[in-house]
Amino acid sequence: MAMRAVRHRRTALGVMVLCGVLTLSGCQGDDGGDGAAPGTPSVAPAASSSTGTKPGATATAAQKPKSKPTPTAAAGGAATPTKKPESPAPAATCDHRMPISPDEIEVNRYTPEGGFHSLIVKHGNWGCAAPDTDGAPFETVGKETFLPIAADAEVTAVTPIVASTENQKTTLRQLIDWLVAHPDQGLVFRYHMGADGGSGEGPAIDTLDQVFTP
């Protein structure tokens with residue numbers, strides 16, 4: 001009895017194994033068909049060729065930040081940088097390296113003191129012309145001094161001593177009369193000192209020319 005039971009179990013186990021093999025073979029045989037096995041995910045479509053537009057490329061390009069706008073050229077030509085305004089040219093300056101003119105004086109009065117003719121004068125030089133003026137002023141320095149003038153000195157004058165803006169010959173007497181009648185007018189003259197005034201007073205003016213000032 002025991003032997004029969006064992007054989008019966010072996011026979012049943014063999015039948016089960018055979019049935020399992022047959023079942024597996026039947027499943028594999030179905031793979032040759034066109035349909036895919038149940039539960040098997042479908043294959044994704046192949047990527048498009050390199051010449052095609054990649055999916056999402058347009059969206060990516062649209063999301064890129066826009067570059068800063070480039071300044072456009074002015075109408076009629078290329079844009080040019082604004083030039084810095086040039087500094088104005090420096091105004092001309094006066095030269096005061098020689099504060100006293102060597103041959104010009106301001107004549108103010110006349111005096112016969114000492115027995116000979118003398119002019120009361122002040123030395124100086126031309127200053128800087130102010131805006132909206134006709135010319136530079138003659139700026140005097142120091143105190144008044146006496147300068148003897150020869151009786152036969154050559155004298156020329158302009159307005160207001162004579163009625164002319166160009167130097168006209170005149171006499172020492174005419175000059176003296178005008179200075180006596182119009183003292184301290186500050187007329188400018190160019191002069192030259194001679195070796196002797198002829199009256200024993202030593203060096204004296206032998207040439208005196210008035211300088212026209214507007």
Side-chain angles (χ1 to χ4, degrees), residues 74-77 79-214:
T80 55
T82 305
K83 288 186 178 180
K84 213 173 186 180
E86 296 181 1
S87 302
T93 56
C94 299
D95 185 3
H96 283 297
R97 287 176 296 180
M98 187 179 292
I100 297 177
S101 173
D103 60 353
E104 291 171 312
I105 52 175
E106 179 186 89
V107 177
N108 293 317
R109 294 183 303 280
Y110 163 79
T111 180
E113 291 182 13
F116 46 85
H117 304 296
S118 291
L119 302 176
I120 301 175
V121 305
K122 290 189 76 172
H123 294 273
N125 206 345
W126 298 99
C128 298
D132 301 327
T133 58
D134 295 328
F138 189 81
E139 299 175 349
T140 59
V141 295
K143 297 180 179 181
E144 288 182 334
T145 59
F146 295 84
L147 279 180
I149 183 170
D152 59 351
E154 296 180 0
V155 181
T156 64
V158 294
T159 184
I161 298 176
V162 297
S164 176
T165 57
E166 296 182 1
N167 287 76
Q168 304 292 322
K169 284 188 177 182
T170 187
T171 62
L172 178 59
R173 174 48 55 187
Q174 187 176 356
L175 174 62
I176 292 172
D177 292 344
W178 193 91
L179 290 173
V180 171
H182 307 87
D184 300 317
Q185 293 300 304
L187 300 181
V188 181
F189 286 81
R190 186 173 290 108
Y191 72 100
H192 177 266
M193 296 294 290
D196 189 354
S199 302
E201 70 270 17
I205 296 173
D206 61 5
T207 303
L208 188 68
D209 299 305
Q210 186 182 351
V211 178
F212 173 73
T213 52

Inset, instruction - Just jot down the salt bridge (charged side-chain N to carboxylate O under 4.0 Å, His left out) partners of Glu104, sequence neighbours excluded, or say none. - result: Arg190
Inset, instruction - Output the distance between atom OH (Tyr191) and atom OG (Ser101), rounded to the nearest 0.5 Å. - result: 7.5 Å
Inset, instruction - Just do the side-chain contact (heavy atoms from CB on, under 4.5 Å) check on Trp126 and Thr213 with the steps written out, would you? - result: CA-CA 11 Å; Trp126 298 99; Thr213 52; 3.7 Å; yes
Legend entry - Nearest non-hydrogen partners of Thr170 and Ala157, listed with the distance: CG2-CB, 4.0 Å
Legend entry - Least distance between heavy atoms, Ala153 atom then Ile205 atom: CB-O, 3.6 Å
Inset, instruction - Identify the two heavy atoms, one from Ala136 and one from Cys128, that lie closest to each other, and give their separation to 0.1 Å. - result: CB-C, 4.2 Å
Inset, instruction - Considering non-hydrogen atoms only, spot the tightest contact between Thr156 and Asp209 and give its length. - result: OG1-OD1, 2.6 Å
Inset, instruction - Run through Glu139, Lys122, His123, Gln185 and flag the one making a side-chain contact (heavy atoms from CB on, under 4.5 Å) with Glu106. - result: Lys122
Legend entry - Rounded distance (nearest 0.5 Å) linking atom OG of Ser118 with atom CG of Leu147: 8.0 Å
Legend entry - Met193 side, atom CE; Leu208 side, atom CG - distance, nearest 0.5 Å: 11.0 Å
Legend entry - Test log, rule side-chain contact (heavy atoms from CB on, under 4.5 Å), inputs Val155 and Thr171: CA-CA 6 Å; Val155 181; Thr171 62; over 6 Å; no
Inset, instruction - Could you note down all residue pairs passing salt bridge (charged side-chain N to carboxylate O under 4.0 Å, His left out) where residues 154-173 supplies at least one of them, sequence neighbours left out? - result: Arg173-Asp177
Legend entry - Worked check of side-chain contact (heavy atoms from CB on, under 4.5 Å) between Phe146 and Ile120: CA-CA 5 Å; Phe146 295 84; Ile120 301 175; 3.8 Å; yes
Legend entry - Shortest non-hydrogen contact between Trp178 and Leu187, atoms and distance: CZ3-CD1, 3.4 Å
Inset, instruction - For Asp184, check salt bridge (charged side-chain N to carboxylate O under 4.0 Å, His left out) against everything at least two apart and list the hits. - result: Arg109
Inset, instruction - Rounded to the nearest 0.5 Å, what's the gap from NE2 on His117 to CG on Leu172? Could you check? - result: 5.5 Å
Legend entry - Under 3.5 Å donor-acceptor, Gln210 side chain and Val158 backbone: yes
Legend entry - Any donor-acceptor pair under 3.5 Å from Asp206 side chain to Ala150 backbone: no
